[in-house]
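Comments concern the structure below.
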4 protein chains.
Amino acid sequence: MASLNKVLLIGNLGKDPETRFMPNGNAVCNFSIATTESWKDKQSGQKQEKTEWHNISMYGRLAEIAGQYLKKGSSVYIEGRLQTRKWQDKQTGADRYTTEIIADEMKMLGGRGDGGGGGMGGGYNQQSGGDDFNQEYSAPAQQAPRQAPAQSAPQQAAAKPARNFDDFEDDIPF
Amino acid sequence: MASLNKVLLIGNLGKDPETRFMPNGNAVCNFSIATTESWKDKQSGQKQEKTEWHNISMYGRLAEIAGQYLKKGSSVYIEGRLQTRKWQDKQTGADRYTTEIIADEMKMLGGRGDGGGGGMGGGYNQQSGGDDFNQEYSAPAQQAPRQAPAQSAPQQAAAKPARNFDDFEDDIPF
Amino acid sequence: MASLNKVLLIGNLGKDPETRFMPNGNAVCNFSIATTESWKDKQSGQKQEKTEWHNISMYGRLAEIAGQYLKKGSSVYIEGRLQTRKWQDKQTGADRYTTEIIADEMKMLGGRGDGGGGGMGGGYNQQSGGDDFNQEYSAPAQQAPRQAPAQSAPQQAAAKPARNFDDFEDDIPF
Amino acid sequence: MASLNKVLLIGNLGKDPETRFMPNGNAVCNFSIATTESWKDKQSGQKQEKTEWHNISMYGRLAEIAGQYLKKGSSVYIEGRLQTRKWQDKQTGADRYTTEIIADEMKMLGGRGDGGGGGMGGGYNQQSGGDDFNQEYSAPAQQAPRQAPAQSAPQQAAAKPARNFDDFEDDIPF
DNA sequence: TTTT
DNA sequence: TTTT
């Protein structure tokens, strides 16, 4: 029996995204988004609210776009899969686990951190992107590693982007 | 093998919704929403755009809320199932088919037709709604008929709402 | 801007589910399901595989059904929302976090742990369930608490079910 | 505001899929799948059942795989978008509309028409497919036309496949 | 840490 | 810990 692992989120970034570049030039972008549920308590009739935070990771082309266009407060639609990553607590050496959403699609929805820009929207796809983008964006930049990158990867991240963000500016479809 | 029939849409209403009430007091709300894809054509480099229209049907409590709060231009998240309804072409007597999304969840997302209102958002659930609403909203109003309502239902629809919209105004959680 | 927090999974239970009953008679059911992705490595041409484990929590009526019908190996469709729960490491007193899927819909898909039964499937809904079940299943049993239950709740769980599983056996729609 | 147009289905094929090849060698695959809901009527206590049929269209690589591996009775997971296509009734010249799901992902789930084969499952992605398949599958074969193909396309479809199905047999990841 |  |  095949399996399914799919997450759909709409929420706001709590902080600016963090984008790093791997030695091979691949981008990785991480940020957290908040989703908020509200409901009315049956007993008290009071409005209740609960916020949930979700850790998002993106790779390749999608990471570059997120790093350039998203910021604190941005409203974003994210589609991806759940992944729980194991890591070591440096203090105690104990195993710890963190659950993240590995995104393969993103749509900017505007919102507070929008910067007042006019046209909103557009969808980006992790995988080659149909007609959205030129084929020149190489395969490595378009692959989310299925194995979690080595834990030391962040430190190895190149200080300079492997390619200039400006280079693809005019490929953005808005 | 169990089956799955799920649709998720975010789009804008093309016109104000139409709400009718069945003889038993149940509300039915119909409207269309547009979703627009845009992409860049690989050959020409031109931005392309394509709009798709979706027919939404809601029943019961959800229909009442939609009828009261949505209007032309509203941006809305809809979750539901696909249903293809058979009907007769009165001219020719031929069988015809219309595909609709029977919604069981809705979230208002604001947007152009927002009317400038302050608080937006909140989610409504077709089925009893968890803690969102009081139990007083009766079962009949909360059920989407699994069989398509008789075709003549629209004409039979009560001229007056079975209950006053104002009655539930202060149950709306925003 | 309203938010969205939705997870869709199809996977297999790693162990039998654990069902407990709260002092108020509400059921809680926990289990883990595995989803497996497989792909072919571009370099080596080797088939690769990666398994992800997801912690599922259910409440009320849905928990009772899961506790009765699911077992190790069962294939199941789960729909729900992500929730990250904070807890204290008893050793160190440090804050720790666990991400779970709070399910509000479930469909049994058969599979190895199926027990050889014939007809499988059917969908269950956390919230009142449309026409699926009788209204007699009281609201408390149908609500997933939006606030995580107090941490000590597990220990308080009644040793005996508040109601006999057999009671609702003939309400199961297959 | 960006929009979302997403459909998720699990169902069984009513007939063998029909695969055609466009003059440019691109495959198109069409089939219908049934989803069935069942519930218990509150009044009568009788089990009710309703089947819905969905028209699926696939293009390119995904169409080739579907054409080769799916058959009548196959259980399949489909992800895609809704598209309503306008066509002319040849009799009356009147405008008619057909709603289809343009699939961009598919997972075979086994089931009755499975043929008893061993390994099932695996997921295929319309868009380049991450690591799943070799890059040699050319872009044209991987694109779903956003504009509906010209109505006469079916008749023009090449009598012979542009490439032999056997050619990609060993790329299938199971 | 966001947003309403 | 499942499943293929």
Side-chain angles (χ1 to χ4, degrees), chain A residues 1-5 9-18 30-39 47-56 70-78 84 97 108-114, chain B residues 107-111 114 116-123 172-174, chain C residues 1-5 9-18 30-39 47-56 70-78 84 97 108-114, chain D residues 107-111 114 116-123 172-174:
Chain A
M1 173 74 66
S3 59
L4 177 67
N5 176 358
L9 300 171
I10 296 176
N12 299 280
L13 277 77
K15 294 181 182 172
D16 287 352
E18 291 180 11
N30 293 289
F31 54 88
S32 290
I33 64 172
T35 59
T36 304
E37 294 181 277
S38 59
W39 70 97
K47 199 186 159 188
Q48 307 286 314
E49 206 175 77
K50 184 156 183 256
T51 293
E52 204 62 42
W53 287 96
H54 310 271
N55 298 314
I56 313 295
L70 297 181
K71 51 178 176 297
K72 180 174 170 173
S74 296
S75 177
V76 73
Y77 167 82
I78 293 287
T84 298
Y97 299 86
M108 287 179 266
L109 302 173
R112 254 236 180 137
D114 184 359
Chain B
K107 288 173 197 270
M108 288 179 266
L109 301 173
D114 185 358
M120 251 310 94
I172 302 300
F174 56 79
Chain C
M1 173 74 65
S3 59
L4 178 67
N5 176 358
L9 300 170
I10 295 175
N12 299 280
L13 276 77
K15 295 182 181 171
D16 287 351
E18 291 180 10
N30 293 288
F31 54 89
S32 290
I33 65 172
T35 58
T36 303
E37 294 180 278
S38 59
W39 70 97
K47 199 186 159 189
Q48 307 287 313
E49 205 175 77
K50 182 154 184 256
T51 294
E52 205 62 43
W53 288 95
H54 311 272
N55 299 313
I56 313 294
L70 297 181
K71 51 178 177 296
K72 181 176 170 172
S74 296
S75 176
V76 73
Y77 166 82
I78 293 288
T84 298
Y97 298 87
M108 285 178 268
L109 302 174
R112 249 229 185 146
D114 184 357
Chain D
K107 289 172 197 270
M108 287 178 267
L109 302 173
D114 184 358
M120 252 307 97
I172 302 300
F174 57 80

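Here is how names work: the chains are called A, B, and so on, in the same order as the sequence lines, proteins then strands, and each is numbered from 1.
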Between CG of A/Leu70 and CG of A/Asn12, what distance do you get to the nearest 0.5 Å?
11.0 Å
Quick one: [X] [atom1] to [N] [atom2], roughly how many Å, whole number?
X: C/Phe31; N: F/dT2; atom1: CZ; atom2: P; answer: 16 Å
X: C/Ile10; N: F/dT3; atom1: CD1; atom2: P; answer: 17 Å
X: A/His54; N: E/dT1; atom1: NE2; atom2: P; answer: 17 Å
X: C/Leu70; N: F/dT2; atom1: CG; atom2: P; answer: 16 Å
X: B/Lys107; N: E/dT3; atom1: NZ; atom2: P; answer: 18 Å
X: B/Leu109; N: E/dT4; atom1: CG; atom2: P; answer: 13 Å
X: C/Asn12; N: F/dT1; atom1: CG; atom2: P; answer: 15 Å
X: A/Ile33; N: E/dT4; atom1: CD1; atom2: P; answer: 15 Å

Kindly point out which of [options] is positioned nearest to the side chain of [X]?
X: A/Lys15; options: E/dT1, F/dT3, F/dT1; answer: E/dT1
X: A/Lys72; options: F/dT1, E/dT2, F/dT3; answer: E/dT2
X: C/Ser32; options: E/dT2, F/dT3, F/dT1; answer: F/dT1
X: A/Glu49; options: E/dT4, F/dT2, E/dT3; answer: E/dT4
X: A/Thr51; options: E/dT2, F/dT2, E/dT4; answer: E/dT2
X: A/Thr36; options: F/dT2, E/dT3, E/dT1; answer: E/dT3

Quick test of the criterion, 5.5 Å between centres and less than 30° between planes. Is C/Trp53 stacked on F/dT2 or not?
no
Close side-chain approach of A/Ser38 and A/Lys47, heavy atoms under 4.5 Å
yes
Please tell me if the side chains of C/Ile56 and C/Leu9 come closer than 4.5 Å, counting only heavy atoms from C-beta onward.
yes
Could you pull out all residues at least two apart from C/Asn30 that satisfy side-chain hydrogen bond (donor to acceptor under 3.5 Å, both in side chains)?
C/Ser57
Which residues share a side-chain hydrogen bond (donor to acceptor under 3.5 Å, both in side chains) with C/Asn55, sequence neighbours left out:
C/Ser32
